[in-house]
Number of protein chains: 2
Amino acid sequence: MAKIKNKNNGTKKEVIVEAATRLFREKGFKAASMRDLAEAVGVEAASLYNHIQSKEELLQEICFKVANEFTQKVDEIENSDLTSIQKVEAMLRFHIRQMFHHYEMVIVADRDWKHLSDPYLSNFHSQRRVYRKRLAGIIEKGIAQKEIKPVDAPTVVLIMLHAVNGIESWHRSKEKISPKQLEENMVLIMIEGLKA
Amino acid sequence: MAKIKNKNNGTKKEVIVEAATRLFREKGFKAASMRDLAEAVGVEAASLYNHIQSKEELLQEICFKVANEFTQKVDEIENSDLTSIQKVEAMLRFHIRQMFHHYEMVIVADRDWKHLSDPYLSNFHSQRRVYRKRLAGIIEKGIAQKEIKPVDAPTVVLIMLHAVNGIESWHRSKEKISPKQLEENMVLIMIEGLKA
DNA sequence: GCGCAACTAACGGCCGTTCGTTTGTATATT
DNA sequence: AATATACAAACGAACGGCCGTTAGTTGCGC
């Protein structure tokens, strides 16, 4: 076997990345140490390097996995035959669901990507800008077609992308409404305010 | 003189706190070193300790200054005779303006408060929870009075508080719309979607 | 017995902070 | 007016500690 499997559901490197995701989300990339991570995995710090190249590689894996998922989704939505406002809603719902199911890596990517170093830093930064422009493009088309109120599209993108980060607080709050309810509330508030 | 003044506009400690605010915003609290800060102030690292007690004290000053400003504002608004929806709008506008004029300290407080240690950590955490509950209370009253759509109030608070963080990106973007335009766009999008 | 993955030990480096000293300057004394 | 005093605020050097990472070795499963 080239790679050993851990409990028949993935390589050890994947286990490490998952633990790193949780740890980085909790403490922040800089404040989380490789010794912390080793303890979470149940191993000595040096042993981690049998599976990974560096601490930054872990951050790279997290950031680009997140970036690729969002890029893939916007590819799909742009090529669909939904109306513009439906496309905006679909992207919003995707963001909300990613924050439900993979919020730890989404938050790490969003908060800690600046700790990447070049060329990954520029790469990620540029992917991020492109992604936001594509979202703004969808909204501008909707405005041109009078489906959406005449608002500043980049501002809408800023609001949407940051609003969903609030779901992080939801994850750790006591009296949670259901994911479905939260999603419908968010869509109601953010999308109704946009309709022409 | 008990405290010497620097260029007749404040103590040296204030100069240090301001430089720390910029540095923490840029690099993050953990990644910013006291030697970085010293260089920004134009002094050796050791000299900083003639004016401050510790690195964490700087974070404390930033976090509680921000917390106090928001607490003070919600005191004022709660006691005003505005309608509920007007109160929500007033708080939103205050958040937006704070993000225009003092965004660096607002962002540091929001992103790095977890690096405080007790008793400051619990203190800040509790202030934060109380603040959010007060905002949710305003919204719930508005719903009861049928000024506001029947939505989940804590969710609205999450959306509002996080949406304004998007203004950080605005600060560093090239093609900026004016602050006034941004404010009106944000209010339009977020408040119109709320009205019953 | 071969190879992967764990271990212990240690490296150089940066961290926040302390120490003891020097410097600059505002005030008091002659 | 010149000199002495006092003290805030700067400095260079160093501290113990944790950081990411490497080296060399041991042990275990095929």
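By convention in this document, chain letters (A, B, ...) are assigned in the order of the sequence lines, proteins followed by strands, and residues within each chain are numbered from 1. Note that these values count all heavy atoms, side chains included, but never hydrogens, waters or copies made by symmetry.
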In whole Å, what is the span from the OH atom of A:Tyr49 to the C1' atom of D:dT21? 5 Å
Rounded to whole angstrom units, what separation is found between the NE2 atom of B:His115 and the C1' atom of C:dC15? 14 Å
Side-chain donor-acceptor contact under 3.5 Å, B:Ser54 with B:Glu57: no
Round to a whole Å and report the spacing from CD of B:Glu57 to P of C:dG16. 15 Å
From the candidates D:dG20, C:dA6, C:dG16, the one with an atom nearest any side-chain atom of A:Arg35 is D:dG20
note: A:Lys55, atom NZ; C:dG13, atom P; distance rounded to Å ~ 19 Å
Give one of base, sugar-phosphate or nothing for B:Ala32, where a contact means two heavy atoms less than 4.0 Å apart. sugar-phosphate
With sugar-phosphate meaning primed atoms plus P, OP1 and OP2, does B:Glu44 contact a base, only sugar-phosphate, or nothing at under 4.0 Å between heavy atoms? sugar-phosphate
Find out whether A:Leu58 and A:Leu37 are in side-chain contact, i.e. whether some heavy atom of one side chain is under 4.5 Å from a heavy atom of the other. yes
Taking the minimum atom-to-atom distance to the side chain of A:His51, which one of D:dG20, C:dA5, C:dT17 wins? C:dA5
What's the closest nucleotide to the side chain of B:Met34 if the choices are C:dT17, D:dC11, C:dT8? C:dT17
Distance check needed: D:dG20 P versus A:Lys27 NZ, whole Å only. 11 Å
Taking B:Arg134 as the fixed residue, which of B:Met91, B:Arg129, B:Glu78 is the one that meets the side-chain contact (heavy atoms from CB on, under 4.5 Å) rule? B:Glu78
Distance in angstrom units between B:Ile16 CD1 and C:dT17 P, rounded: 13 Å
Could you tell me whether the phosphate oxygens of D:dC19, OP1 or OP2, come under 4.0 Å of any side-chain nitrogen or oxygen in A:Ser33? yes
Sugar-phosphate only, base, or nothing, as touched by A:Ala38 at under 4.0 Å among non-hydrogen atoms: nothing
Atom pair distance, as rounded to whole Å: CD in B:Glu39 and P in D:dC11: 12 Å
Ignoring the backbone of A:Asn50, work out which of C:dA10, C:dA6, C:dG16 is nearest its side chain. C:dA6
Does C:dA6 have its OP1 or OP2 closer than 4.0 Å to a side-chain nitrogen or oxygen of A:Lys12? yes
Base, sugar-phosphate or nothing for B:Ser47? Non-hydrogen atoms, less than 4.0 Å. base
Taking the nucleotide of DNA chain D with the closest heavy atom to each, which residue, A:Gln53 or A:Asp36, is nearer the 5' end? A:Asp36
A:Tyr131 and A:Val74: CA distance, side-chain angles, deciding distance, side-chain contact (heavy atoms from CB on, under 4.5 Å) verdict: CA-CA 8 Å; A:Tyr131 180 73; A:Val74 76; 3.9 Å; yes
Above 12 or not: heavy atoms from other molecules or residues under 6.0 Å from OH of A:Tyr120? no
Within this structure, what is the CG-to-C1' distance between B:Leu37 and C:dC15, rounded to whole angstrom? 14 Å
